[in-house]
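The structure displayed is predicted, hence computed values, not measured ones. When reading the values below, keep in mind they use all heavy atoms of this one structure, side chains included, and skip hydrogens, waters and symmetry mates.
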Amino acid sequence: MNVFAISDLHLTSSVNKPMHIFGEHWVGHFDKIANDWDKKVKEDDIVLIAGDISWAMTLEEVVPDLEKIAALKGQKVIIRGNHDYWWSSYSKIRKIAPKSIHFLQNNAQKFDNFIICGTRGWTVSEDGNFDDPQDKKIFEREIIRLNMSVNEAKKLYTEGDTIIAMMHYPPFDSDFSDSAFTTIFDENDIPCVIYGHLHAGKSRFQHVVVKGNTRYILTSCDLIGNELVKVY
C-alpha cells in the first residue's frame, strides 16, 4: 500500500469558475492530475486531498466533483479547505459521498497500517498575535479540532502503524516558525504532515520542510506540477 497526496483541485463541474483565469498552468489541470493518478495509483493505495476540493456552494453542486474523484483509483481521504463552502455536517457529507471517499472532521481514518488525522487549520500569525479577534477565535478552535483528531488517531494506533496528519493551511508562518500546530505534531511524534493552500506567485514556500522528526510536505497542485506526491 502506497500513500500519495495532492490538494487544491478547485473542481468546477457545477459552477462557472474557470481556473485558467488564474494562469496557463491551470489549463486542463485536472486532466493532468487524473493522467498522473492513473499511472501511479493502485486500487489499494491511499490518496490524501488536503482541501479546496470544489468551488461548489451546496451539497447538490459538489456531487459531480466528488464523483470525478471517486472514479479514480484508490481510497481518498479529504479535509475541508477555506473554499469548500459546500462542506456541511459530517453526517450530511458522508451521505452524499461515493464509497471510496472518506472525510476528516474531528476524527481519524485507518487503512491497514496507516492512520490519517487532521483539520483545516487557519492562518498562523507572523508575530504570534492576531489583529482580528475572529481570526484568533478560529485559530484556537482549529487547535482544539486538531487535538481531537490526533487523539482519535492514537486510539486507533497499534505497534507498527504510521500516523499522517493533513491540514489545508500551512501549519507555520512564511518563515516556517513553530506554532501551536507544529507543537501538537511534535508532542505526538507525527512523522509526516501534508498541507496546501499556497499558490504560485503569491507565497514563500518550500516543497518539504523538516522540523524535528516531522516532514511537512506542500501539495498544492499548481506548485507540484499537477502530479501526485508520494508520501509513503
Side-chain angles (χ1 to χ4, degrees), residues 1-8 40-41 44-51 74-81 102-128 139-198 203-221 223-224 227-232:
M1 176 181 288
N2 296 314
V3 181
F4 299 92
I6 197 163
S7 67
D8 299 84
K40 292 177 177 176
V41 180
D44 62 345
D45 288 339
I46 307 165
V47 181
L48 312 179
I49 309 177
Q75 298 296 313
K76 303 89 179 175
V77 183
I78 292 176
I79 59 167
R80 184 178 187 174
H102 312 268
F103 299 100
L104 288 182
Q105 185 168 306
N106 306 332
N107 60 341
Q109 303 279 356
K110 184 169 183 176
F111 306 86
D112 197 11
N113 63 329
F114 290 105
I115 304 171
I116 318 300
C117 61
T119 192
R120 177 188 63 177
W122 197 245
T123 301
V124 174
S125 170
E126 296 289 328
D127 59 4
F139 181 88
E140 292 175 345
R141 184 179 65 199
E142 288 298 310
I143 293 297
I144 292 170
R145 288 178 170 172
L146 179 57
N147 271 314
M148 290 174 65
S149 184
V150 169
N151 287 336
E152 290 301 309
K154 290 165 71 175
K155 291 177 184 177
L156 297 173
Y157 182 85
T158 57
E159 186 175 356
D161 289 344
T162 298
I163 298 177
I164 305 169
M166 301 171 64
M167 293 185 65
H168 178 63
Y169 284 86
F172 28 59
D173 64 15
S174 62
D175 291 322
F176 313 107
S177 302
D178 289 333
S179 72
F181 294 123
T182 63
T183 296
I184 292 171
F185 298 134
D186 185 57
E187 291 179 345
N188 289 279
D189 298 317
I190 306 297
C192 185
V193 178
I194 71 159
Y195 67 95
H197 185 64
L198 304 181
S203 306
R204 182 188 308 176
F205 69 91
Q206 293 181 18
H207 290 290
V208 179
V209 175
V210 178
K211 298 177 73 63
N213 295 317
T214 304
R215 285 184 303 145
Y216 294 87
I217 303 174
L218 176 63
T219 61
S220 303
C221 67
L223 295 180
I224 58 174
E227 296 183 353
L228 301 182
V229 174
K230 187 174 181 181
V231 180
Y232 283 100

Quiz item: If you take all heavy atoms of I224 and T219, which pair is closest and at what distance?
Solution: CD1-O, 3.5 Å
Exercise. Give the minimum heavy-atom separation between I143 and A180, together with the two atoms involved.
Key: CD1-CB, 3.5 Å
Practice problem: Provide the full list of side chain to side chain donor-acceptor pair (under 3.5 Å) pairs with a residue in residues 164-178, sequence neighbours left out, each pair given once. | Solution: D52-H168, N82-H168, E126-S174, H168-H197, D173-S177, D175-R204, D178-K211
Exercise. Return each pair, listed once, that meets side chain to side chain donor-acceptor pair (under 3.5 Å) where at least one residue sits in residues 147-156; pairs must be two or more places apart or across chains.
Key: E152-K155, K154-N188
Quiz prompt | Worked verdict on Y195 versus L218 for side chain to side chain contact (heavy atoms under 4.5 Å, CB included) | solution = CA-CA 5 Å; Y195 67 95; L218 176 63; 3.5 Å; yes
Exercise. Report the distance from atom OH of Y232 to atom CZ of R215, rounding to the nearest 0.5 Å.
Key: 5.0 Å
Quiz item: Just how far is it from atom OG of S220 to atom CG of L198, taken to the nearest 0.5 Å?
Solution: 5.5 Å
Exercise. Mind running side chain to side chain contact (heavy atoms under 4.5 Å, CB included) on I194 and S7 for me, showing each step along the way?
Key: CA-CA 9 Å; I194 71 159; S7 67; over 6 Å; no
Practice problem: For a side-chain contact (heavy atoms from CB on, under 4.5 Å) with V41, tell me which candidate from V47, N2, I46 qualifies. | Solution: V47
Quiz prompt | From I78, T119, V77, residue fulfilling side-chain contact (heavy atoms from CB on, under 4.5 Å) relative to L104 | solution = V77
Taking the side chain as every heavy atom from C-beta outward, state whether [X] and [Y] have any pair of such atoms under 4.5 Å apart.
X	Y	answer
H102	I116	no
D45	K40	no
V150	L146	yes

Self-check item: For R80, all residues meeting salt bridge (Lys or Arg N to Asp or Glu O under 4.0 Å), sequence neighbours excluded
Solution: none
By ring-ring contact (aromatic ring centres under 6.0 Å, His included) - contacts of [X] (at least two apart):
X	answer
F176	F172
F181	F139
Y157	none

Quiz item: Under 6.0 Å from the CG atom of N213, do we count more than 12 heavy atoms belonging to anything else shown?
Solution: no
